[in-house]
Participant: 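One structure is given below, represented as structure tokens, and several questions about it will come after.
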Number of protein chains: 2
Amino acid sequence: MSRPKHDVTDAELAVLKELWALGPSTIRELTDRLYPGGATAHYATVQKLLERLEAKRCVKRRGRGRANEYRAVVEVTDLIDHTLRGAAARLCGGSLAPLLTHLVNTTQPDAAQVEELKRLVKRLDRQGGSA
Amino acid sequence: MSRPKHDVTDAELAVLKELWALGPSTIRELTDRLYPGGATAHYATVQKLLERLEAKRCVKRRGRGRANEYRAVVEVTDLIDHTLRGAAARLCGGSLAPLLTHLVNTTQPDAAQVEELKRLVKRLDRQGGSA
DNA sequence: CTCCATTCAGACGAGGTGTCTGAGAATACT
DNA sequence: AGTATTCTCAGACACCTCGTCTGAATGGAG
């Protein structure tokens with residue numbers, strides 16, 4: 001449930017996604033996935049991205065043998081939350097409600113997601129939609 | 001209903017908000033609002049921002065007397081839409097639905113929004129939740 | 001000790017942002 | 001008319017971020 005301090009860039013996000021898929025990994029493991037047959041330069045690139053992700057409080061580092069093991073400390077939902085709040089702050093005076101309304105009007109969820117929505121609405125009904 | 005081609009920066013957004021508030025305006029009018037007692041340098045700043053907004057298809061220009069009159073051709077909802085779709089593309093494989101469920105989960109929708117949600121669910125039910 | 005992989009510090013070019021300068025064209029004032 | 005004021009355009013600028021990369025130091029494994 002950490003909050004990313006700043007926005008995550010595309011290259012950084014690619015590393016994060018790999019971390020989500022692989023679980024805690026070393027730079028080498030990540031590099032081999034992101035740049036198959038990569039040169040030593042790519043290794044350093046991944047390392048720099050991890051360094052910046054660490055500064056943004058998105059990953060944490062721990063020694064594993066001689067190498068370092070990195071693990072993600074943010075989830076997709078954290079990034080979604082951060083993005084949504086940023087958009088609300090810029091465009092809606094900080095309120096998330098207009099975003100919700102907009103999504104309700106423009107979204108085409110699939111069957112499973114409709115089910116989830118029904119459940120959520122039912123729950124909201126039960127607890128009596130407080131402000 | 002235009003679509004902004006690229007993201008709008010903070011300074012550009014400030015100009016846009018002034019345009020939304022004032023309606024079609026000249027650079028002078030905008031400058032006086034954004035930089036009260038502003039020097040001639042500020043005038044050029046606003047002009048550059050309008051030039052970039054025009055390149056991003058967010059404003060249009062028309063001669064008014066000797067000066068130019070600028071008017072916004074995007075609404076807040078266009079920027080919201082653009083932002084939301086960008087977030088969905090980056091974080092949710094392009095689907096907006098996860099954003100919706102996230103908002104429903106993390107905000108306390110008021111009565112009106114719960115009603116909106118119910119209507120959405122009903123509508124989706126009727127048309128048999130397509131992808 | 002030598003070799004190899006990892007780590008660290010820092011550079012680099014490209015691109016974007018916000019600001020500003022200078023010169024030119026059109027208008028108003030006297 | 002001639003001067004001054006306003007607007008416009010083109011372009012520079014310093015700063016920052018992003019993605020990439022180089023070089024040297026470190027530390028085990030053979």
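All chains are named by letter (A, B, ...) in the order of the sequence lines, taking the proteins before the strands, and each is independently numbered beginning at 1.
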Participant: So, Thr107(A) side chain and Pro109(A) main chain: donor-acceptor pair closer than 3.5 Å or not?
Facilitator: no
Participant: Closer than 4.0 Å, any side-chain N/O of His42(A) to the OP1 or OP2 of dT20(D)?
Facilitator: no
Participant: Under 4.0 Å from any heavy atom of chain B: name the first and the last nucleotide of DNA chain C that qualifies, 5' to 3'.
Facilitator: dT17(C) to dT27(C)
Participant: Do NZ/NE/NH1/NH2 and the carboxylate oxygens of Glu51(B) and Lys48(B) come within less than 4.0 Å?
Facilitator: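 Yes, this pair counts.
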Participant: Answer yes or no: does a side-chain N or O of Tyr43(A) lie under 4.0 Å from OP1 or OP2 of dC21(D)?
Facilitator: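 For dC21(D), neither OP1 nor OP2 has a side-chain N or O of Tyr43(A) closer than 4.0 Å.
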Participant: Below 4.0 angstrom, N of the basic side chain to O of the carboxylate: do Asp7(B) and Lys56(B) qualify?
Facilitator: no
Participant: For DNA chain C, what residues of residues 46-53 of chain B have any heavy atom nearer than 4.0 Å?
Facilitator: Lys48(B), Arg52(B)
Participant: Heavy-atom count check: over 12 atoms from other residues, nucleotides or ligands less than 6.0 Å from Arg90(A) CZ?
Facilitator: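 Counting other residues, nucleotides and ligands, CZ of Arg90(A) exceeds 12 neighbours.
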Participant: For residues Tyr43(A) and Arg28(A), determine if any side-chain heavy atom of one lies less than 4.5 Å from a side-chain heavy atom of the other.
Facilitator: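 Counting from C-beta outward, Tyr43(A) and Arg28(A) do come under 4.5 Å.
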Participant: Would you classify Ala44(A) as touching base, sugar-phosphate or nothing, given that sugar-phosphate means primed atoms plus P, OP1 and OP2, and contacts are heavy atoms under 4.0 Å?
Facilitator: base
Participant: Hey, does the side chain of Asn105(A) reach the backbone of His102(A) with a donor-acceptor pair shorter than 3.5 angstrom?
Facilitator: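 Such a contact is absent between Asn105(A) side chain and His102(A) backbone.
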Participant: Would you kindly give the CG-to-P distance between Asp10(A) and dT20(D), to the nearest whole Å?
Facilitator: 11 Å
Participant: Are OP1 or OP2 of dC9(D) and a side-chain N or O of Arg61(B) less than 4.0 angstrom apart?
Facilitator: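 Yes.
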Participant: If each of Thr40(B) and Glu12(B) is mapped to the nucleotide of DNA chain C with the nearest heavy atom, which maps nearer the 5' terminus, i.e. the 5' end?
Facilitator: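 Upstream on the strand: Glu12(B).
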Participant: Does Arg71(A) reach the side chain of Arg61(A), with side-chain heavy atoms less than 4.5 Å apart?
Facilitator: no
Participant: Taking C-beta and beyond as the side chain, do Glu29(A) and Glu18(A) meet within less than 4.5 Å on heavy atoms?
Facilitator: no
Participant: For Thr26(B) and Ala41(A), find the nucleotide of DNA chain D closest to each by heavy atoms; which residue's nucleotide sits nearer the 5' end?
Facilitator: Thr26(B)
